[in-house]
Amino acid sequence: MVMNFNQEVYNLLRLIPKGKVVTYSQIALCLGNVKLARAVGNALHNNPNPKLYPCHRVVNRKGELSKAFAFGGSGAQMKMLVDENTQFDRFNRVRLDICGFDIEKFIKSQN
DNA sequence: GCAATGGCCCATA
DNA sequence: CTATGGGCCATTG
């Protein structure tokens with residue numbers, strides 16, 4: 001069965017450990033190149049199952065949360081991350097140096 | 001097939 | 001720091 005792009009994105013989301021986050025560009029790189037970042041955002045927008053796929057663990061390259069988080073407003077994403085002990089800096093940006101998950105490296109180590 | 005959409009990224013000013 | 005313009009890509013209507 002050939003998986004479409006969105007499904008590839010969702011599969012990657014399940015690899016992100018609780019308390020960690022990845023960026024759109026990281027996912028994009030895993031699927032080909034950084035230019036896919038926008039398509040990744042679109043995939044998350046169409047996330048059919050937020051319970052199974054932790055779309056809240058995806059932030060932009062600066063660690064900022066999405067403005068129009070689709071499920072419960074922007075506050076919801078922040079709450080979920082806080083509940084997972086995700087670390088933030090004083091500007092409400094995720095501490096990528098602490099909570100960033102090198103998913104590309106992880107995948108390689110799994111091979 | 002075309003046009004619009006999007007939770008992006010990058011360089012530049 | 002903000003603002004803008006350009007680019008790229010998959011999905012959707």
Side-chain angles (χ1 to χ4, degrees):
Chain A
M1 159 185 180
V2 279
M3 290 192 245
N4 63 28
F5 183 81
N6 283 11
Q7 285 175 318
E8 294 280 3
V9 173
Y10 303 145
N11 287 339
L12 290 177
L13 291 186
R14 296 197 302 168
L15 301 179
I16 311 172
K18 181 179 149 190
K20 298 274 186 176
V21 300
V22 300
T23 67
Y24 296 91
S25 53
Q26 272 181 287
I27 295 178
L29 287 174
C30 287
L31 300 181
N33 61 344
V34 69
K35 299 167 187 171
L36 293 169
R38 188 171 250 168
V40 171
N42 188 44
L44 297 191
H45 174 75
N46 295 319
N47 187 353
N49 193 339
K51 283 269 194 179
L52 185 60
Y53 310 122
C55 54
H56 62 282
R57 294 185 191 140
V58 184
V59 300
N60 68 17
R61 86 184 169 107
K62 292 182 256 182
E64 297 169 333
L65 308 184
S66 0
K67 290 194 168 182
F69 193 60
F71 310 96
S74 57
Q77 182 177 18
M78 169 70 85
K79 184 182 187 315
M80 284 190 270
L81 292 175
V82 170
D83 286 347
E84 297 179 353
N85 296 316
T86 304
Q87 303 293 307
F88 289 84
D89 67 10
R90 61 188 142 166
F91 304 116
N92 274 347
R93 294 183 306 199
V94 174
R95 289 286 302 277
L96 292 176
D97 56 331
I98 296 176
C99 303
F101 179 59
D102 193 339
I103 191 172
E104 201 170 14
K105 190 174 184 179
F106 174 77
I107 292 175
K108 286 182 182 175
S109 68
Q110 292 296 300
N111 290 340

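Below, each value reflects all heavy atoms present in this structure, side chains not excepted, and no hydrogens, waters or symmetry copies. Protein chains get the first letters and strands the later ones, always in sequence-line order, with residue 1 at the start of each.
Using cut-offs of 30° and 60° on the angle between ring planes, the pair A:Tyr10 and A:Tyr53 is parallel.
When heavy atoms are screened at a 4.0 angstrom cut-off, A:Asn6 is found touching the sugar-phosphate backbone but no base atom. Backbone-only contact: A:Leu36 has heavy atoms under 4.0 Å from sugar-phosphate atoms and none from a base. Using a 4.0 Å heavy-atom criterion, one finds that A:Asn60 contacts the sugar-phosphate atoms exclusively.
Candidate nucleotides B:dG7, B:dC10, B:dG6 were compared by shortest atom distance to the side chain of A:Val58, and B:dG7 ranks first. The side chain of A:Ala39 sits closest to C:dC9 out of C:dT11, C:dC9, B:dC9. Here the nucleotide nearest the side chain of A:Val34, chosen from C:dC9, C:dT11, B:dC10, is B:dC10. The side chain of A:Asn4 lies closest to C:dT11, out of C:dT11, C:dC9, B:dC9.
Taking atom NZ on A:Lys35 and atom C1' on C:dA10, their separation rounds to 15 Å, with Å as the unit. In this structure, A:His45 atom NE2 and B:dA4 atom C1' are separated by 12 Å, rounded to whole Å. Regarding A:Lys62, its NZ atom lies at a distance of 13 Å from the P atom of B:dA11, rounded to whole Å. To the nearest angstrom, P of B:dG7 lies 14 Å from OH of A:Tyr10. Atom CZ of A:Arg61 and atom P of B:dG7 are 18 Å apart (whole Å). As rounded to whole Å, 8 Å separates atom C1' of C:dT12 from atom CG of A:Asn42. Between A:Asn33 atom CG and C:dC8 atom C1' there is a gap of 8 Å when expressed in whole angstrom units. The CG-C1' distance, from A:Leu31 to C:dT11, rounds to 15 Å in whole Å.
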Please assess A:Asn92 against A:Met78 for the test side-chain contact (heavy atoms from CB on, under 4.5 Å), listing each intermediate value before the final yes or no.
CA-CA 9 Å; A:Asn92 274 347; A:Met78 169 70 85; 3.7 Å; yes

Report the C-alpha distance between A:Val21 and A:Leu96 in whole Å, list the side-chain angles of each, state the deciding distance to 0.1 Å, and finish with yes or no for side-chain contact (heavy atoms from CB on, under 4.5 Å).
CA-CA 8 Å; A:Val21 300; A:Leu96 292 176; 3.7 Å; yes

Where do A:Ile107 and A:Leu15 land on the side-chain contact (heavy atoms from CB on, under 4.5 Å) test, with the steps shown first?
CA-CA 9 Å; A:Ile107 292 175; A:Leu15 301 179; 4.2 Å; yes

Determine, stepwise, if the pair A:Val59 / A:Glu64 fulfils side-chain contact (heavy atoms from CB on, under 4.5 Å).
CA-CA 6 Å; A:Val59 300; A:Glu64 297 169 333; over 6 Å; no

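Each of A:Thr23 and A:Val40 was matched to the nucleotide of DNA chain B holding its nearest heavy atom; the match closer to the 5' end belongs to A:Val40.
Of the charged side-chain nitrogens involved, none lies within less than 4.0 Å of a carboxylate oxygen, so that A:Glu84 and A:Lys20 do not count as a salt-bridged pair.
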Applying the Watson-Crick and G-U criteria (both distances under 3.5 angstrom) with [ ] for crossing and | for other-strand pairs, one obtains for DNA chain B .|||||.||||||

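Side-chain heavy atoms closer than 4.5 Å link hydrophobic residues (I, L, V, M, F, W, Y) into clusters, and following such links, possibly through other members, connects A:Leu44 to A:Ile27. With hydrophobic clusters built from ILVMFWY side chains whose heavy atoms lie under 4.5 angstrom apart, A:Val9 shares a cluster with A:Ile103. Under a hydrophobic clustering in which Ile, Leu, Val, Met, Phe, Trp and Tyr are joined whenever their side-chain heavy atoms come within less than 4.5 Å, directly or via other members, A:Leu29 and A:Leu12 fall into different clusters.
Taking every heavy atom of residues 84-98 of chain A and every atom of DNA chain B, no pair lies under 4.0 Å.
Looking at residues two or more places apart in sequence or on another chain, you find no side-chain hydrogen bond (donor to acceptor under 3.5 Å, both in side chains) involving A:Thr86.
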